Amino acid sequence: MPELPEVETRVRELRQPCVGRTICGVQLDWPRHLHQLSPQQFAERIHGQTVTQLWRRGKYLIFDLTRDALLIHLRMSGDLCVQPGNSAAEPHTHTRLRFENGHELRFSDARKFGRVYLVGDAQQIVGKLGPEPLAAAFNARQLHTALRAKNRALKPLLLDQSFLAGLGNIYTDEALFIAGLHPQRRSASLSLAEAHALWLALRRALRSGIRHNGASIDWVYRGGQQQLHFRVYQRAGQPCLRCGALVRRIVVAQRGTHFCPHCQRLTRARK
DNA sequence: AGAAATACCCGTACGC
DNA sequence: TGCGTACGGGTATTTC
């Protein structure tokens with residue numbers, strides 16, 4: 001579940017305790033987290049490298065190292081924290097990187113979906129991602145052009161990381177509500193004004209998530225307070241905050257999808 | 001080629 | 001109470 005705002009929150013939490021630290025040991029209890037490398041290859045290659053920067057691209061956390069880049073994707077249930085090496089770890093902690101100062105970067109993941117990458121160039125992993133929705137270079141006209149080039153349903157298209165990086169189920173539903181667009185609307189049918197509304201809504205939903213340090217939901221997800229500000233996500237059967245109609249939950253492309261049937265129409269209302 | 005469906009996971013919530 | 005099972009969610013892989 002960690003989406004862009006939750007990953008951004010991790011970047012802010014982890015930057016200070018990680019940047020400048022040198023990795024002097026690893027413990028890997030679930031090798032399938034590793035991308036391509038064996039535990040031995042991973043341990044030998046990362047040993048002695050220093051974290052020079054920490055940043056984010058889409059939902060990937062990227063630790064720039066002396067020689068390589070360490071990328072971590074939290075997927076559904078992953079979480080990261082830095083704690084003293086002699087302290088008790090969170091349950092489901094499968095991967096640890098020990099720093100020279102005695103602290104550990106701990107990766108816990110109840111569902112074991114998360115992935116760890118160690119590569120020479122981060123672009124090997126994040127190179128195929130779509131634009132960053134919060135970047136200054138990403139504008140409404142560009143979104144409109146991209147939407148028209150596809151003609152897929154909005155919901156699965158916005159979830160496609162090669163189309164736009166960082167959205168997951170929560171913020172996609174929230175943004176479509178803010179924009180007043182039906183999740184099954186065909187992307188090529190949007191006017192420039194509608195694309196602009198979607199562009200604005202995406203940025204508003206994501207910035208709200210970041211401002212509240214992400215969302216905390218579903219027992220596996222440690223986050224901030226954004227769940228107190230959901231407009232439609234997990235609000236099926238409750239009144240729409242804008243018009244009072246009952247929020248509906250449907251399945252679109254195998255994903256639970258929440259929307260207001262009155263505010264987000266598939267076809268234009270006629271009178 | 002591109003889009004849709006499936007596999008990977010497992011704690012929880014639910015039905016019987 | 002206890003057992004069995006469906007569910008969710010992001011993305012790589014498989015299928016269409």
Side-chain angles (χ1 to χ4, degrees), chain A residues 1-10 28-37 56-62 71-80 90-95 107-119 122-130 132-133 146-176 183-189 202 205-206 209 214-223 226-227 230 232-237 248-259:
Chain A
M1 268 164 286
E3 305 179 26
L4 188 155
E6 288 76 23
V7 177
E8 181 70 25
T9 301
R10 296 301 179 279
L28 301 160
D29 298 336
W30 180 252
R32 291 176 67 179
H33 276 144
L34 295 178
H35 175 74
Q36 292 188 343
L37 297 177
R56 172 193 70 71
R57 176 79 170 91
K59 305 175 194 174
Y60 290 83
L61 275 156
I62 304 176
L71 290 82
I72 298 182
H73 197 302
L74 302 174
R75 296 275 185 103
M76 310 278 307
S77 56
D79 198 6
L80 285 167
E90 302 294 313
H92 311 293
T93 296
H94 306 298
T95 297
F107 177 29
S108 60
D109 187 1
R111 287 176 177 149
K112 297 180 177 173
F113 272 24
R115 290 295 178 266
V116 175
Y117 309 79
L118 183 62
V119 292
Q123 292 306 314
Q124 293 174 241
I125 306 301
V126 299
K128 58 179 182 286
L129 293 179
E132 281 291 323
L147 289 167
R148 297 191 70 88
K150 287 293 181 179
N151 202 23
R152 295 172 61 187
L154 285 178
K155 168 97 181 202
L157 182 57
L158 291 172
L159 288 172
D160 185 337
Q161 302 299 298
S162 68
F163 181 79
L164 194 59
L167 289 169
N169 212 34
I170 296 172
Y171 295 96
T172 299
D173 282 3
E174 294 293 304
L176 287 171
Q184 289 174 307
R185 181 78 181 273
R186 305 305 296 190
S187 62
S189 75
L202 290 165
L206 293 171
S216 299
I217 55 173
D218 195 27
W219 69 268
V220 285
Y221 201 81
R222 172 184 74 87
Q226 179 61 26
Q227 70 281 3
F230 287 164
V232 287
Y233 187 77
Q234 290 189 338
R235 291 194 67 246
R248 284 193 63 196
R249 181 186 185 279
I250 60 174
V251 175
V252 178
Q254 287 76 244
R255 312 303 300 279
T257 299
H258 313 75
F259 73 108

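As the structure is a prediction and not an experimental result, all values here were calculated from the model. A note on names: the letters A, B, ... follow the listed sequences, proteins ahead of strands, and every chain is numbered from 1.
- Straight-line distance from the CG atom of A:Asp173 to the P atom of C:dG8: 13 Å, rounded to whole Å.
- Here A:His33 and A:Phe107 bring their ring centres to under 6.0 angstrom of each other.
- We find that CD of A:Gln254 is positioned 14 Å from C1' of C:dC7, with the value rounded to whole Å.
- When the side chain to side chain donor-acceptor pair (under 3.5 Å) test is applied to A:Asp160, the partners found at least two apart in sequence or on another chain are A:Arg152, A:Ser162.
- Between A:Tyr171 and C:dG9 there is no side-chain N or O to OP1 or OP2 distance below 4.0 Å.
- Distance A:Leu129 CG to C:dT11 C1': 11 Å, rounded to the nearest Å.
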Output a table of nitrogen or oxygen pairs between the protein and nucleotides 10-12 of chain B separated by less than 3.5 Å.
unit_1, atom_1, unit_2, atom_2, d
B:dC10, OP1, A:Lys112, NZ, 3.0

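- Nucleotide C:dT11 holds its P atom 14 Å from the CG atom of A:Leu157, rounded to whole Å.
- Under 4.0 angstrom from either OP1 or OP2 of B:dG2 there lies no side-chain N or O belonging to A:Lys150.
- The aromatic rings of A:Tyr117 and A:His35 sit tilted, their planes meeting at an angle between 30° and 60°.
- Note on the helix from B:dG2-C:dC16 to B:dC16-C:dG2: angle between the axes of the first and last five pairs equals 60°, rounded to 10 degrees.
- A:Glu132 is linked by a side chain to side chain donor-acceptor pair (under 3.5 Å) to A:Arg56, A:Arg57, counting only residues two or more places apart in sequence or in another chain.
- In this entry the distance linking NE2 of A:His35 with P of C:dT11 reads 14 Å, nearest Å.
- Inspection of the A:Ser187 and A:Asn151 side chains reveals no N or O donor paired with an N or O acceptor under 3.5 Å.
- Of the candidates C:dG9, C:dG8, C:dA12, the closest approach to any side-chain atom of A:Arg249 belongs to C:dG8.
- Taking A:Phe230 as the reference, A:Tyr233 meet the ring-ring contact (aromatic ring centres under 6.0 Å, His included) condition, with sequence neighbours excluded.
- Atom pair A:Lys155:NZ and C:dT11:P shows a separation of 13 Å (rounding to whole Å applied).
- Minimum atom distance to the side chain of A:Phe113 is reached by B:dC8, of the listed C:dT11, B:dC8, C:dA12.
- The nearest whole Å value for the distance from the CZ atom in A:Arg152 to the C1' atom in B:dA5 is 12 Å.
- Counting to the nearest Å, the C1' atom of C:dG9 and the CD1 atom of A:Ile217 are 9 Å from each other.
- Take the nearest nucleotide of DNA chain B for A:Arg32 and for A:Arg186: the residue whose nucleotide is more 5' is A:Arg186.
- Between the side chains of A:His94 and A:Asp109, not a single donor N or O lies within less than 3.5 Å of an accepting N or O.
- Residue A:Tyr60 is classed as a sugar-phosphate contact, given heavy-atom separations below 4.0 Å to backbone atoms only.
- With sequence neighbours left out, A:Phe113 forms a ring-ring contact (aromatic ring centres under 6.0 Å, His included) with no residue at all.
- The OG1 atom of A:Thr172 sits 6.5 Å away from the CD atom of A:Glu3 when rounded to the nearest 0.5 Å.
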